[in-house]
Amino acid sequence: MNYWLVKSEPFKYSWDDFVKEGKSVWDGVRNYQARNNMMAMKKGDWVFFYHSNEGMEVVGLAEVQKEHFPDPTTEDPRWVVVELIPVKKFAKTVTLKTMKADDRLSGLALIKQSRLSVTPVAKAEFDIILSLAE
DNA sequence: GCCAACGTTGGC
DNA sequence: GCCAACGTTGGC
């Protein structure tokens, strides 16, 4: 079981859009590192849903429903997508500010590589963020 | 709106 | 294969 974090700009695709649709094919990723992370996702892995730009906070938890398959939005065979389903919206969102202020989260890939749209989350980090969300 | 960080492209 | 130029992302 692995843990991840995906970013989305809420005015493009928000948590509410995600819940409304009931699932999401995570397409449009055009970065090798992010792609590699998606290829490492397994069905049942948990994924934090983070709002970038506006909000800058983790808003909910998703689950990997389908492991990687070719990105239907491009002919280019290099790119893949995964399918995610919403699990739950957090009672309390966890802001970037909060995570940055927490020493235990100083190694978080989200913080170290702020431009990467799909990042891994260590189990310890996952547990900490989850505890902050309740 | 600015700018730092970083990835990609293309000329040599 | 190097590196300058350029584009994009995302925090502030």
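A note on names: the letters A, B, ... follow the listed sequences, proteins ahead of strands, and every chain is numbered from 1.
- Between K7(A) and dG10(C), a side-chain N or O to OP1/OP2 separation shorter than 4.0 Å is present.
- Side-chain N/O atoms of K12(A) include none lying less than 4.0 angstrom from OP1 or OP2 on dT9(C).
- Residue pairs meeting the salt bridge (Lys or Arg N to Asp or Glu O under 4.0 Å) criterion with at least one partner in residues 83-97 of chain A, sequence neighbours excluded, are D16(A)-K89(A), K66(A)-E83(A), K88(A)-E134(A).
- Stem regions for DNA chain B, each three or more consecutive Watson-Crick or G-U pairs with both distances under 3.5 Å and listed by first number, read B:1-12 with C:1-12.
- The hydrophobic cluster around I85(A) extends to none of the other residues, as no ILVMFWY side-chain heavy atom falls under 4.5 Å of it.
- Between Y3(A) and F48(A), the ring center distance fails the sub-6.0 Å criterion.
- Rounded to whole Å, atom C1' of dT9(C) lies 15 Å from atom CG of L5(A).
- Under the side chain to side chain donor-acceptor pair (under 3.5 Å) criterion, Q65(A) pairs with no residue at all, not counting sequence neighbours.
- As rounded to whole Å, 7 Å separates atom P of dG11(C) from atom CG of L110(A).
- K100(A) comes within contact range of the sugar-phosphate backbone alone, with a heavy-atom separation under 4.0 Å but no base atom that close.
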Tabulated below should be each protein N or O lying under 3.5 Å from an N or O of nucleotides 3-6 of chain B; please produce it.
unit_1 : atom_1 : unit_2  : atom_2 : d
dC6(B) : O4'    : R115(A) : NH1    : 3.2
dC6(B) : O2     : R115(A) : NH1    : 2.7

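- When the C1' atom of dC12(C) is taken as reference, atom CG of N53(A) falls 11 Å away, rounded to whole Å.
- Of the charged side-chain nitrogens involved, at least one lies within less than 4.0 Å of a carboxylate oxygen, so that D71(A) and R30(A) count as a salt-bridged pair.
- Between the OH atom of Y32(A) and the C1' atom of dT9(B) there is a distance of 12 Å, given to the nearest Å.
- With rounding to whole Å, E57(A) atom CD is found 15 Å from dG10(C) atom C1'.
- To the nearest angstrom, P of dT8(C) lies 14 Å from CZ of R30(A).
- For the pair K7(A) (side chain) and V118(A) (backbone), a donor-acceptor distance under 3.5 Å is absent.
- If you check dG7(B), dG10(C), dC12(C) against the side chain of N31(A), the one that comes closest is dG7(B).
- Pairing each heavy atom of V81(A) with each of D27(A), the nearest pair is CG1-CA, 3.4 Å.
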Let me check something: any side-chain donor-acceptor pairs from residues 51-59 of chain A under 3.5 Å, sequence neighbours excluded? List them with distances.
unit_1 : atom_1 : unit_2 : atom_2 : d
H51(A) : NE2    : W15(A) : N      : 3.0
N53(A) : ND2    : E9(A)  : OE1    : 3.2
E57(A) : OE1    : T93(A) : OG1    : 2.9

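- If you measure from atom CD1 of I111(A) to atom P of dG11(C), you get 11 Å, rounded to the nearest angstrom.
- Not one N or O on the side chain of S8(A) forms a donor-acceptor pair closer than 3.5 Å with the backbone of P10(A).
- Atom CD of E54(A) is separated from atom C1' of dT9(C) by 15 Å (rounded to the nearest Å).
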